[in-house]
2 protein chains.
Amino acid sequence: MPKPSQASELRALPAVDVNSQTARAFIGIRELLLHGAFARGERISELPLVARLGMSRTPIRLALERLAHIGLLDAGATSGFTVREFALREVLDAIELRGVLEGTAARLAAERLSGEAGLDALRRYCDDMEALDGLTIHTFARYMDLNGSFHLRILDMAGSEMLRRALQQVNSLPFASPSAMVFPTSILPRSGETLAIALEHHRALVEAIARRQSTRAESVGREHAYLARRVLEVALSNTDALRRVPGGSLIDLSRR
Amino acid sequence: MPKPSQASELRALPAVDVNSQTARAFIGIRELLLHGAFARGERISELPLVARLGMSRTPIRLALERLAHIGLLDAGATSGFTVREFALREVLDAIELRGVLEGTAARLAAERLSGEAGLDALRRYCDDMEALDGLTIHTFARYMDLNGSFHLRILDMAGSEMLRRALQQVNSLPFASPSAMVFPTSILPRSGETLAIALEHHRALVEAIARRQSTRAESVGREHAYLARRVLEVALSNTDALRRVPGGSLIDLSRR
DNA sequence: TCACCGCGAGTTGCATGCAAGGTGCGGCGG
DNA sequence: CCGCCGCACCTTGCATGCAACTCGCGGTGA
């Protein structure tokens, strides 16, 4: 069963169990962080959040710990947490690392290929994405969903739990995640061309995996991530686009 | 200043602040896990640990959470933690992933090389390792230290915080960490040859980085990790060696 | 006027109490 | 005798209280 579409403003964030206070705290604080409710480097203390989130310190503590672990907060040496700030260079590095890992996923998928089920699924995702025919304000959320499913499927086919964890870790930085750099044409004018290139990458990935061309699969997987890098470089000069990047306020543009 | 040698029985484990109950709980439970105090898949409940570690549930809870995050425990869907068990395949995948990441570190170090300081340090580590001249019971701890410093230095030269975190994550699985698969000759007879190959890899890495041969650096970095894989395959048929691998009891050898 | 010391507020680490949920066992009924 | 239901204990999630620590400010003395 395919995952339900999660096309909210803060999409591309992994869903978590909502039935515990800790999970709600995690989601709530993450949302605050990504919406720029705190300044970069600001110290986060627990008591204000108690008032803001309406729960006791215990779940808030746990949530802060988790946020520190996924890299959105810094755990100070002595104690306490501060809002992590990212130099632009770190964002670019994160995208590069995602490329390496997705390339590895594609390579392993090619090396370990067995059966047609995975390939068929990938081809269907490709077809669906091509059927969208452009990134309008209405279709781009759907595209992000399909795109996410496509890459998840490759990850499945790679069959490496460790790789899955590593990629999850990288993608937990919102602006490095695969769908963070997708904008409708109305925001970034040249999205159409970018989309075409992305779709070509997808086709090439499927073909390479199908033919067990593992080196080609790895190369294309890497190159595909560089696309996000290029989109980011364009978006940097576009305030509208930059504002839409989740967690964009955590990026320190003045620091290379 | 070089890091102090940490050649205890459970070396190769990142040091943590010992001044907090949580840190002590983390270390204590990790030690229990790696020494096989629990069966694979066993459920870990908090109260027994309260008695065993002499502290309240709060720090134990936090420590369990952290252990789950680094992958030594499974956080059950509903609640509670169980001891993670690793199929042999996952261990091999972890080593493969480490190869990918260390290859990437070497590539980035080559691409971003500036100045001679890093290279000089690497060369010194190489000299020191070669000066050991064999892996006796007395020298192999020192070798692991030097080896760890060498790879850390390359990671520094890569200059990617994201990459550092990813590698740290992989290395937190004790049997995948770079020094887990180093045995003195008295345990694994052919360690001498393996050591020679490792030293050659190190030299090749330094040379490739120095000449900015980034592709070569990446390849050698990957291949270097495969050495651990081969040592593991030999060690699998050697009970003595296997017992020395930290966390070896968590590996389910019957499951591929 | 400047420097140092001490106190106080704020903050975190930890312990513990309480309630809710789950699981297993025993008893009861068929 | 077997199966099912209910109760009780075990376990965890969360709240809260307490103590220690830090940082900063103000007062006092040189």
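Naming convention: chains lettered A, B, ... in sequence-line order (proteins, then strands); numbering from 1 in each chain. In this text the structure is predicted, and so the values were computed from the model without any measurement.
For B:Arg61 and C:dA15, the CZ to P distance is 14 Å, given to the nearest whole Å. Nucleotide C:dT16 holds its P atom 12 Å from the CG atom of B:Leu47, rounded to whole Å. Remark: P of D:dC14 and CD of B:Glu65 are 11 Å apart, rounded to the nearest angstrom. B:Leu64 places its CG atom 9 Å from the P atom of D:dT12, with the value rounded to the nearest Å. Atom CG of A:Leu49 and atom P of D:dA15 are 14 Å apart (whole Å). In this structure, B:Glu46 places its CD atom 14 Å from P of C:dT16, rounding to the nearest Å.
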Contacts under 3.5 angstrom, residues 46-57 of chain A side chains, donor-acceptor by atom type, not counting sequence neighbours:
from, atom 1, to, atom 2, distance (Å)
A:Glu46, OE1, A:Arg57, NE, 2.9
A:Glu46, OE1, A:Arg57, NH2, 3.3
A:Glu46, OE2, A:Arg61, NH1, 2.4
A:Ser56, OG, A:Thr58, N, 3.4

Check residues 95-106 of chain B and write down every donor-acceptor pair under 3.5 Å in which the side-chain atom is one partner and the other belongs to a residue at least two apart or another chain.
from, atom 1, to, atom 2, distance (Å)
B:Glu96, OE1, B:Tyr226, OH, 3.4
B:Glu96, OE2, A:Arg107, NH1, 3.0
B:Glu96, OE2, A:Arg107, NH2, 3.1
B:Glu96, OE2, B:Tyr226, OH, 2.9
B:Arg98, NE, B:Ala176, O, 2.6
B:Thr104, OG1, B:Val100, O, 2.9

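A:Ile60 comes within 4.0 angstrom of no nucleic acid atom, judged by non-hydrogen atoms across all strands. In this structure, A:Ile44 reaches the sugar-phosphate backbone alone: every heavy-atom distance under 4.0 Å involves primed, P, OP1 or OP2 atoms, never a base.
Comment: A:Glu161 does not engage B:Arg89 in a salt bridge, judged by the lack of any side-chain N to carboxylate O separation of less than 4.0 angstrom. The pair A:Asp120-A:Arg153 does not count as a salt bridge, with every side-chain nitrogen at least 4.0 angstrom from each carboxylate oxygen.
For B:Arg43 and B:Pro59, each mapped to the nucleotide of DNA chain C holding its nearest heavy atom, the one lying further toward the 5' end belongs to B:Pro59.
Between A:Thr58 and D:dT16 there is no side-chain polar atom (N or O) within less than 4.0 angstrom of OP1 or OP2.
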